[in-house]
Amino acid sequence: MTIDDPTAMRRAVALSAAGAGATYPNPSVGCVVLDAAGAVVGEGRTADGGRPHAEVVALTAAGDRAHGGTAFVTLEPCNHTGGTPPCVDALVAAGVDRVVVAVRDPHAPAAGGADALRAKGIEVELGLLAAEAAYAQRAWLHGIRTGRPYVTWKFAATLDGRTAAADGTSRWITGPDARADVHRLRATADTVLAGVGTVLADDPRLTVRHPDGTPAARQPLRVVVDSRGRTPADARVRAGDAPTYVATAAAHPGADGRVDLAGLLTHLYAEGRRHVFVEGGATLAGALVAAGLVDEVVAYLAPALLGAGTAALAGAGITTIGRALRLDVREVAQVGTDVRITASPLIAAAPREA
Ligand code: AOF
Ligand code: ZN
């Protein structure tokens with residue numbers, strides 16, 4: 001069966017998305033190789049841990065059949081020797097005639113692959129399904145631009161935006177399908193962030209678990225924002241089932257004795273972290289919003305009303321409607337009995353205060 005260019009690239013984008021959370025500090029790149037007749041002969045994504053790169057995985061699967069064929073890649077093939085030899089060389093050696101690229105590589109040391117391929121007589125097309133590929137690789141691309149991980153703030157609330165009732169009870173606002181969906185999303189990030197208030201109130205594990213309760217093989221780093229070091233020694237978040245970092249104001253000094261969140265994110269980026277999944281609570285989320293550090297919001301809304309109780313967001317530094325943080329809705333999905341809304345700030349991160 002032969003497939004057309006958009007179909008091949010759509011497959012490459014799906015492969016890229018499937019590796020989210022597994023390839024840091026590298027991007028999760030997808031690659032599909034067609035033979036000269038247009039049939040799929042190899043495909044793959046950046047391996048867990050970031051190497052080998054996608055092209056090498058897909059070309060290895062294709063073998064000789066790549067000769068005279070086309071490679072579809074979600075990111076411009078690298079043109080440098082980093083942890084591995086250049087993918088440009090691998091594509092030349094495989095004898096492909098054409099390379100179709102969705103997104104240019106903005107990472108200067110690795111960039112220039114398109115020109116290098118053209119210099120070798122290979123036809124290169126740029127920009128096919130660029131928006132879709134950029135979305136699948138958004139965390140890594142954001143990191144190259146900002147030097148910080150991409151921040152997704154997730155919360156579960158009633159339709160009137162409450163995350164706990166007036167008496168403090170909060171189990172369970174959303175249903176089992178939404179809770180399973182959170183584990184799936186959590187696994188697409190490499191880091192989970194929570195405030196010490198949430199740790200003290202709920203004693204969450206913040207690990208990735210399968211629907212049957214067993215832990216996933218790969219666990220994100222758990223980070224507790226804990227200015228004064230109040231995380232109990234026996235908190236579940238400190239248990240040995242996943243790595244944990246307790247970020248204190250002593251290590252990340254900010255204003256008012258609080259943790260400098262931008263500084264913490266920069267530190268995590270330097271440690272190779274590319275996507276932070278914020279799990280609460282309202283105070284931490286508010287501080288991140290106030291600092292312009294939230295890149296994406298995932299809201300699970302249960303069709304229930306409370307009318308009183310904790311709000312999902314607190315202290316975001318917004319006092320008047322004109323300064324509301326307006327979001328662009330990317331997706332609305334029903335998850336079991338609940339609704340999931342995924343949205344991003346309309347205007348790229350700007351501090352909300354002042
Ligand atoms: C590709 N295909 O699958 C990926 C690429 O240190 P290295 O050698 O692993 O190179 C990492 C850089 O290569 C990374 O920062 C990005 O620019 C590019 N990633 N390139 O051709 C891939 N993951
Ligand atoms: Zn490469």
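These numbers come from the heavy atoms of this one structure, side chains and all, not from hydrogens, waters or symmetry mates. Atoms within each ligand, like the ligands themselves, are counted from 1 in listed order.
- Taking the six-membered ring for Trp, His267 and His252 have ring centres closer than 6.0 Å.
- Within ligand 1, counting atoms from 1 as listed, the ones closer than 4.0 Å to a heavy atom of Asp105 are 16 (C), 17 (O), 18 (C).
- Residue-level proximity to ligand 1 for Cys87 is carried by the side chain, the only part with a heavy atom below 4.0 angstrom.
- Of the protein's non-hydrogen atoms, the one nearest atom 19 (N) of ligand 1 is Pro27 CG, 3.6 Å.
- When hydrogens are left out, the protein atom nearest atom 11 (C) of ligand 1 is Asn26 OD1, 3.2 Å; that is the closest non-hydrogen contact.
- Glu279 and Arg186 are joined by a salt bridge, as a carboxylate oxygen and a charged side-chain nitrogen come within less than 4.0 angstrom of each other.
- Taking the charged nitrogens against the carboxylate oxygens, Arg222 and Asp241 do have a contact shorter than 4.0 Å, which makes a salt bridge.
- Interface of Pro77 with ligand 1, defined as ligand atoms under 4.0 Å from a residue heavy atom, comprises 21 (O).
- Between Glu123 and Arg118, no side-chain nitrogen of the basic residue sits less than 4.0 Å from a carboxylate oxygen of the acidic one, so the salt-bridge criterion is not met.
- With contacts defined as side-chain heavy-atom distances shorter than 4.5 Å, the pair Leu221/Asp190 does not qualify.
- Residue His80 places a heavy atom less than 4.0 Å from ligand 1.
- Take the Zn ion (ligand 2) as the corner point: the lines to SG of Cys78 and to SG of Cys87 open at 120°, to the nearest 10 degrees.
- The Zn ion (ligand 2) sits nearest to atom ND1 when only the N, O or S atoms of His53 are considered.
- In this structure, Arg273 fails the cation-pi test against Tyr245, since its NZ or CZ atom is not both closer than 6.0 Å to the six-membered ring centre and inside 45 degrees of the ring normal.
- Interatomic distance, Glu55 CD to Asp89 CG, rounded to the nearest 0.5 Å: 11.5 Å.
- Classified by interplanar angle (parallel below 30°, tilted 30° to 60°, perpendicular above 60°), the ring pair Trp140/His107 is perpendicular.
- Contacts between Cys78 and ligand 1 below 4.0 angstrom, taking non-hydrogen atoms only, involve backbone and side chain alike.
- Annotation: atom 6 (O) of ligand 1 to nearest protein heavy atom, Arg51 NH2, 2.8 Å.
- Between Gly44 and Ala54, the shortest heavy-atom distance links the atoms O-CB, 4.2 Å.
- Polar contact check, Ala54 against ligand 1: a nitrogen or oxygen pair lies under 3.5 Å apart.
- When the heavy atoms of His107, His53, Gln137, Glu55 are ranked by distance to atom 20 (N) of ligand 1, first place goes to His53.
- With a heavy-atom cut-off of 4.0 Å, Thr84 touches ligand 1 through backbone and side chain alike.
- Ligand 1 has no nitrogen or oxygen under 3.5 angstrom from a nitrogen or oxygen of Thr81.
- For the pair Arg274 and Tyr150, the cation-pi criterion (under 6.0 Å, within 45° of the ring axis) is not fulfilled.
- Annotation for ligand 1: atoms under 4.0 Å from non-hydrogen atoms of Gly83 are 6 (O), 7 (P), 8 (O).
- Considering backbone and side-chain atoms alike, Trp140 places every N or O at 3.5 Å or more from each N or O of ligand 1.
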